[in-house]
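Start at 1 with the first residue, then count along the sequence. Every number for a ligand or one of its atoms is a count from 1 in the order of the listing. Keep in mind that the numbers below use all heavy atoms, side chains included, and drop hydrogens, waters and symmetry copies.
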Amino acid sequence: MQDQYILHSAEAQNITLPFACRHGCCTSCAVRVKSGELRQPQALGISAELKAQGYALLCVGFPTSDLEVETQDEDEVYWLQFGRYFARGPIERDVYSLELPIGDE
Ligand code: FES
């Protein structure tokens, strides 16, 4: 059904697929499209670049043709999407102290 999210359609057919947020943000439901087409205007969790490479989010994807997709390792897609932001090594932390008076002291 072209008006139903692919994840919902799969669930209605008792097909178990990975998911978490169900809002197109986390990449848990990411797949790679092997054939066919879909539209995913609410897929905020993957960049236009990843979409162009064939990645899609089933929780916010609508089929526009017959589809063959391959589930992905969530960590792989997450790294492709967000790794550039976290690949700079550990964050240096400044040390702050804060004193809070208790009661009438
Ligand atoms: S379940 Fe989070 S992006 Fe699809």
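- A salt bridge is absent between Arg32 and Glu76; no separation between the charged side-chain nitrogens and carboxylate oxygens falls under 4.0 Å.
- For the pair Tyr5/Val60, a side-chain contact is recorded, criterion being any heavy-atom separation below 4.5 Å from C-beta on.
- Gln81 places no side-chain N or O within 3.5 Å of a backbone atom of Leu50 that could act as its donor or acceptor partner.
- Residue-ligand proximity: Cys25 is placed with a non-hydrogen atom under 4.0 Å from ligand 1.
- In summary, the atoms of ligand 1 found under 4.0 Å from a heavy atom of Arg22, numbered by their order in the structure, are 1 (S), 2 (Fe).
- With a 4.0 Å cut-off on non-hydrogen atoms, Thr27 touches ligand 1 through its backbone and not its side chain.
- Taking 2.8 Å as the criterion, Cys26 counts as a coordinating residue of atom 2 (Fe) of ligand 1, since one of its N, O or S atoms falls below it.
- Distance check for Cys59 against atom 4 (Fe) of ligand 1: an N/O/S atom falls below 2.8 Å.
- For Gln53, the CD atom is densely surrounded, since the number of other residues' heavy atoms within 6.0 Å is greater than 12.
- No donor-acceptor pair under 3.5 Å is formed between the side chain of Thr27 and the backbone N or O of Gly45.
- Without hydrogens or angle criteria, Gln40 side chain to Leu57 main chain gives a donor-acceptor distance under 3.5 Å.
- Remark: ligand 1 atoms within the under-4.0 Å shell around heavy atoms of Gly24 are 3 (S).
- Backbone or side-chain N, O or S atoms of Cys21 do not reach atom 4 (Fe) of ligand 1 at under 2.8 Å.
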